[in-house]
S.K.: 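I am attaching a structure below and will ask some questions about it afterwards.
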Amino acid sequence: MENREIAAQFDKMADLLEFQGANPFRVRAYRNGSRRLQDLPDSIESLVTQGEDLTKLDGIGKDLAEKITQLVKTGTLQQLDELLEQVPESVLALLRIPGLGPKKAAVIYKELGIESLADLRTACQEHKVRELKGFGAKTEEGILAGIDLAERAGERIYWATADEVVQRLREYLSESKAVKQLEVAGSYRRGRETVGDLDFLVDATDTAAVMDHFGAFSDVTDTIARGDTKMSVRLASGLQVDLRVVPTKSFGAALQYFTGSKEHNVVLRGMAKDRGLKINEWGVFRVAEGEEDEYLAGKTEADVYKQMDLPCYPPELRENRGEFDYKKAKDIPKLIELDDLVGDLHMHTTASDGKQTIREMVAAAQERELRYIAITDHSKRVTMAGGLDSDRLRTQWDEVDRVNDELDDFLVLKGIECDILEKGGMDLPDDVLAEADWVIASVHYGQNQERQQITDRIIGALENPWVSVVAHPTGRLINKRERYAVDLEAVMQAAVENGKLLELNANPARLDLDDVHCSRAKQLGIPIVINSDAHSIGGLDVLRFGIKQARRAGLTAKDVANTRDWAKLKKLIRRG
DNA sequence: GCCGTTTTCGGCCCGACTGTTTTCAGTCG
């Protein structure tokens with residue numbers, strides 16, 4: 001059983017317990033446990049099999065350890081089954097309605113016997129909800145409006161999509177003269193692969209002017225809330241955007257606070273408490289009985305952390321995944337930046353399903369100040385994309401030779417994205433692969449195979465003497481397609497044993513490997529290659545999304561292979 | 001449910017906003 005499957009069971013436990021009005025800290029313990037498992041690079045199942053003591057994991061105590069073991073061994077969780085007898089799973093859909101939390105949802109379920117969004121809609125239309133204690137006409141209207149949102153699932157959007165909105169809104173807000181400082185906080189700032197909503201933070205004195213301006217943004221369809229310091233709107237796309245207005249002396253504290261993550265902040269504020277301090281969005285304060293809190297810091301984020309004798313962590317690391325072990329600025333790894341990349345080793349041309357020629361891709365890469373690229377069209381198995389057979393591939397490589405002859409200070413590598421066949425083995429013969437500079441092995445077919453079968457296929461590719469790297473090793477498409485059932489730990493071990501690399505595919509829908517697994521690869525010393533997988537000139541611009549993910553994994557330039565010149569990169573790979 | 005060189009019990013981050021409340025509970029981030 002995969003870590004994320006066990007995590008999902010814990011999340012469900014948390015939802016159901018919360019619905020029942022259980023101790024909120026007990027609920028949190030399950031959520032923390034879920035998160036711990038999702039962030040864990042090792043397979044929890046193998047830890048159980050090896051008889052490891054799971055309670056050594058932070059946030060996993062005796063009880064959760066037993067539940068994990070039970071899930072691994074039996075595939076089910078007795079306590080969860082019992083809870084589901086008391087509360088039908090379908091009511092959890094009610095919790096997805098904005099403004100409807102566990103308490104109100106429980107009342108609706110108990111008093112009106114409602115178990116689905118459809119039931120709830122009817123009840124609202126019949127004005128039954130407003131009759132309940134603690135409810136009113138406004139609440140009922142809000143719920144009705146929220147049902148549509150809940151049915152649309154409220155899916156998190158790609159970071160890249162959020163970034164487009166951020167750029168436009170940032171520019172728009174900057175037009176207001178009342179705005180002195182402007183930042184975007186939240187999961188966007190931490191560079192998470194998906195973003196649920198946007199948190200804009202403004203330093204201004206004339207709050208009303210900023211809020212009026214914000215509300216007049218052309219994409220705004222609804223104002224959800226507006227108070228003295230906080231305003232929330234919904235855009236036509238359904239995306240919620242929050243705006244906080246704070247004074248200069250609180251800007252850093254608010255930025256720290258709203259950047260999160262929640263888990264990071266819980267730890268930080270716990271530390272403050274131990275010191276008799278309090279951290280909130282207004283600053284760091286000394287708390288004294290019977291006296292007014294004394295403001296200590298808050299102008300910049302660095303000031304806030306300095307009060308705790310901590311360095312100012314890069315936002316990408318603020319997930320409570322070990323960043324607090326870095327006590328000094330010099331302890332923090334120097335995270336990779338876009339400028340560190342000097343090559344891109346995965347892209348397509350008109351020879352298969354790309355939109356541009358080799359020369360056009362070269363020109364575009366040069367504009368982006370890269371020093372080399374690999375042309376890696378599909379192999380013949382990918383018929384729909386016009387994949388190349390041996391003859392066409394060799395013809396393309398002749399073309400690459402001619403292009404290279406025309407170039408100074410730029411190198412085009414002879415590459416191929418060669419399919420790993422369903423039955424195992426590579427789509428092109430070894431003698432052809434041996435002639436390539438760079439061979440990507442990829443799974444495109446048979447993605448639904450059983451764990452053992454697909455794992456064996458990928459390991460087989462890593463054992464091929466001419467393969468350089470495995471691309472998008474899990475095959476997931478964020479919000480669209482689950483990853484293969486592949487045993488990634490086994491794949492990584494095979495990469496180590498065979499001296500191969502793994503890809504971090506920078507396409508915003510892929511970002512594959514993800515941050516947790518990139519971090520694991522780093523632990524194992526497997527160099528990561530950040531590639532665009534571009535199918536057009538514009539496709540080269542996705543590299544920055546890969547960089548975000550790499551930073552979240554704590555990768556430095558050294559951990560990423562294509563920060564090196566080709567001559568040095570080549571030495572990282574065992575071929576032949 | 002987790003955690004602990006002050007604790008094995010009693011804590012567990014903190015504040016804004018809304019609606020239905022006459023003083024606060026629920027929700028959200």
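So that the names make sense, note that chain A is the first sequence line, chain B the second, and so on, each numbered from 1.
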S.K.: Identify whether NZ of Lys or CZ of Arg in A:Lys67 sits under 6.0 Å from the centre of the six-membered ring of A:Phe10 and within 45° of that ring's axis.
M.R.: no
S.K.: Identify whether any heavy atom of A:Leu268 sits under 4.0 Å from a base atom; if not, whether one sits that close to sugar-phosphate; answer base, sugar-phosphate or nothing.
M.R.: nothing
S.K.: Identify, between A:Ile279 and A:Lys104, the residue whose nearest nucleotide on DNA chain B lies closer to the 5' end.
M.R.: A:Ile279
S.K.: Are A:Tyr109 and A:Phe19, when compared by the centres of their aromatic rings, separated by less than 6.0 Å?
M.R.: yes
S.K.: Which letters describe nucleotides 5-12 of chain B, given B = protein heavy atom under 4.0 Å from base, S = only from sugar-phosphate, - = neither?
M.R.: -------B
S.K.: If the condition is side chain to side chain donor-acceptor pair (under 3.5 Å), which residues does A:Thr122 pass it with, not counting sequence neighbours?
M.R.: none
S.K.: Polar pairs (N or O, both sides) under 3.5 Å between protein and nucleotides 22-25 of chain B?
M.R.:
none

S.K.: Mind checking A:Ala137 for me? I need base, sugar-phosphate or nothing, with any heavy atom below 4.0 Å counting as a touch.
M.R.: sugar-phosphate
S.K.: How is A:Lys262 classified with respect to the nucleic acid when contacts are heavy atoms under 4.0 Å: base, sugar-phosphate, or nothing?
M.R.: base
S.K.: Report which part of the nucleic acid A:Asn280 touches: base, sugar-phosphate, or nothing (heavy-atom distance under 4.0 Å, all strands).
M.R.: sugar-phosphate
S.K.: Which atom pair, heavy atoms only, marks the closest approach of A:Asp197 to A:Leu239?
M.R.: CA-CD1, 4.0 Å
S.K.: Quick check: closest heavy atoms across A:Tyr30 and A:Gln79, and the distance to 0.1 Å?
M.R.: OH-OE1, 3.7 Å
S.K.: Measure from CD on A:Glu281 to P on B:dC13 and round the result to the nearest Å.
M.R.: 15 Å
S.K.: Any carboxylate oxygen within less than 4.0 angstrom of a Lys/Arg side-chain nitrogen, looking at A:Arg4 and A:Asp11?
M.R.: no
S.K.: Please check if any side-chain donor atom of A:Gln78 sits under 3.5 Å from a side-chain acceptor atom of A:Glu82, or the reverse.
M.R.: yes
S.K.: Judged by modelled atom types alone, do A:Asp163 and A:Gln167 share a side-chain donor-acceptor pair under 3.5 Å?
M.R.: yes
S.K.: Counting any heavy atom closer than 4.0 Å, what does A:Lys67 reach on the DNA or RNA strands: base, sugar-phosphate only, or nothing?
M.R.: sugar-phosphate
S.K.: Below the 4.0 Å mark, does B:dC17 have OP1 or OP2 next to a side-chain nitrogen or oxygen of A:Thr229?
M.R.: yes
S.K.: How would you label the contact of A:Pro24 with the nucleic acid (heavy atoms, under 4.0 Å): base, sugar-phosphate, or nothing?
M.R.: nothing
S.K.: If we call it a pair only when both distances are under 3.5 Å in a Watson-Crick or G-U wobble match, what pairs with B:dA16?
M.R.: B:dT27
S.K.: At 4.0 Å (heavy atoms only), tell me whether A:Phe258 reaches a base, stays on the sugar-phosphate, or touches nothing.
M.R.: nothing
